[in-house]
**Student:** 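Quick one: the structure is below, questions incoming.
For this chain, numbers begin at 1 and follow the sequence in order. Both counts, for ligands and for their atoms, begin at 1 and track the order of listing.
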Amino acid sequence: MDSSAKAYVKAMFDVWGFDAATINPWGGSDSIEPWLGAPDRGVFIWCRGSNPGSADLQDLAVGADGQGTEPLFLRLARRSNQWSAKGNVGLVVGATVPEQLAAVREVCPDLPLLIPGVGAQGGDLESAVVRGVDAAGRLAIINSSRGIIYASRGEDFASAARVAASNLRNNINGILQAAGLGWG
Ligand SMILES: O=c1ccn([C@@H]2O[C@H](COP(=O)(O)O)[C@@H](O)[C@H]2O)c(=O)[nH]1
């Protein structure tokens with residue numbers, strides 16, 4: 001509810017000083033709006049998860065403003081364009097669900113997408129990059145956690161994590177380059 005959301009916002013942005021947070025949209029507008037006040041603080045709304053169970057609810061067909069039905073996650077994506085009046089909203093969409101990722105990018109051409117699911121979850125990196133970026137090849141934040149922090153369980157864990165992160169970055173940039181969307 002809104003009073004709890006306001007306290008979370010204060011803790012995350014004012015007390016701890018985070019630049020952005022990921023939030024669950026299940027509570028609807030009044031639990032999301034407290035997150036939207038500061039244009040210099042971002043919020044990523046969990047839209048279509050990378051885990052298999054996300055399909056249970058997020059893919060359910062709902063009425064779509066006189067346009068028949070569409071999956072709930074897509075309805076949420078459309079609504080998020082309105083919530084982002086200050087340009088501070090992004091969406092979390094899994095790399096393991098490339099069709100859903102492409103559908104979200106289509107209805108949200110300007111929102112940043114935070115994309116987990118490559119690495120340990122087995123999502124395809126090329127697909128995630130190509131389908132996740134905007135028309136200019138930007139606005140996709142590809143996340144890999146275990147693939148980096150557990151790159152080695154030995155004493156070389158720090159250097160192994162560095163190599164894994166560097167490889168991921170280089171692979172992303174190679175895919176962008178091949179698509180004609182490189183950094184120049
Ligand atoms: O749909 C979602 C939403 C959040 N996550 C989180 O991202 C990381 C992914 O970690 P990996 O080790 O790269 O799988 C983790 O914190 C998840 O809770 C997600 O995977 N999918």
**Student:** Tell me whether the NZ or CZ atom of Arg153 lies within the 45° cone about the ring axis of Tyr150 and under 6.0 Å from its centre.
**Tutor:**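 Cation-pi check for Arg153 and Tyr150: passes.
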**Student:** Show me which atoms of ligand 1 lie under 4.0 Å from any heavy atom of Gln121.
**Tutor:**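 What qualifies from ligand 1 is 9 (C), 11 (P), 14 (O), 19 (C), 20 (O).
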**Student:** Report the nearest protein non-hydrogen atom to atom 4 (C) of ligand 1: residue, atom name, distance rounded to 0.1 Å.
**Tutor:**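 The closest one turns out to be Pro116 CG, 4.2 Å.
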**Student:** Determine whether any heavy atom of Gly94 lies closer than 4.0 Å to an atom of ligand 1.
**Tutor:**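 No, that is not the case, since the closest heavy atom of the residue is not under 4.0 Å from the ligand.
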**Student:** Are Trp46 and Val104 connected in a single hydrophobic cluster, I mean Ile/Leu/Val/Met/Phe/Trp/Tyr linked by side-chain heavy atoms less than 4.5 Å apart?
**Tutor:**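 Different hydrophobic clusters.
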**Student:** Hey, which atoms in ligand 1 end up nearer than 4.0 Å to a heavy atom of Gly49?
**Tutor:**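 Taking each heavy atom of Gly49 in turn, ligand 1 has 1 (O) under 4.0 Å.
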**Student:** Among Ser84, Pro25, Ser29, Cys47, whose side-chain contact (heavy atoms from CB on, under 4.5 Å) with Arg79 holds?
**Tutor:**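 Output: one option passes, namely Ser29.
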**Student:** Which of the atoms in ligand 1, numbered in the order shown and given with their element, are less than 4.0 Å from a heavy-atom of Arg146?
**Tutor:**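 In order of number, 11 (P), 12 (O), 13 (O), 14 (O).
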**Student:** What residue and heavy atom of the protein are closest to atom 8 (C) of ligand 1, and at what distance?
**Tutor:**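 Ranking protein heavy atoms by distance from atom 8 (C) of ligand 1, first comes Asn143 OD1, 3.6 Å.
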**Student:** In terms of atom number and element, which parts of ligand 1 are under 4.0 angstrom from non-hydrogen atoms of Trp46?
**Tutor:**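 Those qualifying, in numeric order: 1 (O), 2 (C), 3 (C).
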**Student:** Look at the side-chain heavy atoms of Ile, Leu, Val, Met, Phe, Trp and Tyr, link any pair under 4.5 Å apart, and say whether Val129 and Val92 land in one connected group.
**Tutor:**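 No, separate clusters.
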**Student:** Any protein heavy atom under 4.0 Å from atom 15 (C) of ligand 1?
**Tutor:**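 No, there is no protein heavy atom closer to it than 4.0 Å.
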**Student:** Relative to the heavy atoms of Ser50, which atoms of ligand 1 are at a distance of less than 4.0 Å?
**Tutor:**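 Counting atoms of ligand 1 from 1, those under 4.0 Å from Ser50 are 1 (O), 2 (C), 19 (C), 20 (O), 21 (N).
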**Student:** Salt bridge or not between Glu70 and Arg78? Use side-chain N to carboxylate O under 4.0 Å.
**Tutor:**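 Counted as a salt bridge, because a side-chain N and a carboxylate O are separated by less than 4.0 Å.
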**Student:** Should Phe157 and Ile148 be regarded as members of a common hydrophobic cluster, given that ILVMFWY residues are connected when their side-chain heavy atoms come within less than 4.5 Å of each other, either directly or indirectly?
**Tutor:**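 Not linked; separate clusters.
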**Student:** Cationic tip of Arg41 within the cone over Trp35's six-membered ring, i.e. under 6.0 Å and within 45° of the normal?
**Tutor:**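 No cation-pi geometry.
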**Student:** Quick one: does Ser145 get an N or O within less than 3.5 Å of an N or O on ligand 1?
**Tutor:**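 Right, the criterion is met.
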**Student:** Under 4.0 Å from atom 1 (O) of ligand 1, is there any protein heavy atom?
**Tutor:**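 Yes, there is one.
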**Student:** Examine Leu36 and Met12 and state if one hydrophobic cluster contains both, with Ile, Leu, Val, Met, Phe, Trp and Tyr joined whenever side-chain heavy atoms are less than 4.5 Å apart.
**Tutor:**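 Leu36 and Met12: one cluster.
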**Student:** In ligand 1, which numbered atoms sit nearer than 4.0 Å to a non-hydrogen atom of Ser144?
**Tutor:**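 Close to Ser144: 13 (O).
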